[in-house]
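Worksheet for the structure shown next.
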Amino acid sequence: MIRSQKEKMLAGELYNAADPEIQADLLATGAWLKRYNDTLGQTAEQWHALLSERLAEVGPGAVIRPPFYCDYGFNIRIGASVYLNFNCVILDVVEVTIGELTAIGPAVQIYTADHPHDPEQRQAGLQVGRSVRIGSRVWIGGGAIILPGVTIGDDAVVGAGSVVTRDVPAGAKVVGSPARVAMTTLLRT
């Protein structure tokens, strides 16, 4: 059985993003994002209702402050009382999960979208996605970048401006580019 490009995308396999079904989803999300990002002066309850229209899961009390940007939305699952500050970007070609009580600072970028390392595959327009999982009670400082395939364990802290290229263990504090586990004394300033 031949699988569609969207089915390949969602399965984390190589796919062609120029596929008409995928492009239609991007356009639909763009229209939804325009509506969402025009609600800056509205309440958290109004934001929650709009988020529930597009995201796969939105836990009670979850807040994403506009402006917010994503590829599809339907691959994003956020738990109860999650908070994303202004200007967050989630490239969600595959699933992104964010556990309850996690706080994400402004301008954080979460990427699942990746490109093959083989130049011929890239020239053919192929892409791939690798899921990102962020645990519960995580704090991610402003401007951090989370790369494809990363898992961040419960209670972890990611310092502002860090580039997270590999998994972060539960309870760890990471800083820098690339992010590395920080010594406790470095965080007491």
With sequence neighbours left out, write down each residue that passes side chain to side chain contact (heavy atoms under 4.5 Å, CB included) with [X], or none if nothing qualifies.
X	value
D38	K34
P169	A172
T165	L147, V163, P178
A17	Y15, Q127

- [ ] List, by chain and number, the other hydrophobic cluster members for I2, where Ile, Leu, Val, Met, Phe, Trp and Tyr join if side-chain heavy atoms come within less than 4.5 Å, directly or indirectly.
- [x] none
Non-neighbouring partners of [X] that pass salt bridge (Lys or Arg N to Asp or Glu O under 4.0 Å), sequence neighbours left out:
X	result
R35	E53
K6	D25
E13	R3
E7	none

- [ ] Taking D114 for its side chain and P148 for its backbone only, find out whether a donor-acceptor pair lies under 3.5 Å.
- [x] no
TODO: Without swapping roles, check the side chain of R122 against the backbone of P116 for a donor-acceptor pair under 3.5 Å.
DONE: yes
Open item on the list: Do V164 and V132 land in one hydrophobic cluster if side-chain heavy atoms of ILVMFWY residues count as linked below 4.5 Å?
Closed with: yes
Is there a side-chain contact between [X] and [Y] in this structure, where contact means two heavy atoms from C-beta onward sitting under 4.5 Å apart?
X	Y	result
Q5	Q23	no
L10	N75	yes
I64	W47	no

Under 3.5 Å donor-acceptor pairs involving side-chain atoms of residues 94-101, not counting sequence neighbours:
from : atom 1 : to   : atom 2 : distance (Å)
E95  : OE1    : R133 : NH1    : 3.2
E95  : OE2    : R77  : NE     : 2.8

Task: Gap separating the CG atom of L14 from the CG atom of L126, nearest 0.5 angstrom - done: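 Rounded to the nearest 0.5 Å, the CG-CG separation comes out at 5.5 Å.
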TODO: Apply the side chain to side chain contact (heavy atoms under 4.5 Å, CB included) test between I152 and each candidate in V157, I140, D167; give the one that qualifies.
DONE: I140
Open item on the list: Tell me whether the rings of W32 and F68 are parallel (<30°), tilted (30 to 60°) or perpendicular (>60°).
Closed with: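 Because their plane-to-plane angle is over 60°, the rings of W32 and F68 count as perpendicular.
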Open item on the list: Suppose we screen for ring pair (Phe, Tyr, Trp, His ring centres under 6.0 Å). Which residues come up paired with W139, at least two apart in sequence or across chains?
Closed with: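 W139 satisfies ring pair (Phe, Tyr, Trp, His ring centres under 6.0 Å) with no residue once adjacent residues are dropped.
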- [ ] Would you please test R166 and V150 for side-chain contact (heavy atoms from CB on, under 4.5 Å) and show each step?
- [x] CA-CA 6 Å; R166 62 181 73 156; V150 166; 5.7 Å; no
TODO: Scan for ring pair (Phe, Tyr, Trp, His ring centres under 6.0 Å) pairs involving residues 74-120, sequence neighbours excluded, and state none if there are none.
DONE: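 Those involving residues 74-120 are Y72-F74.
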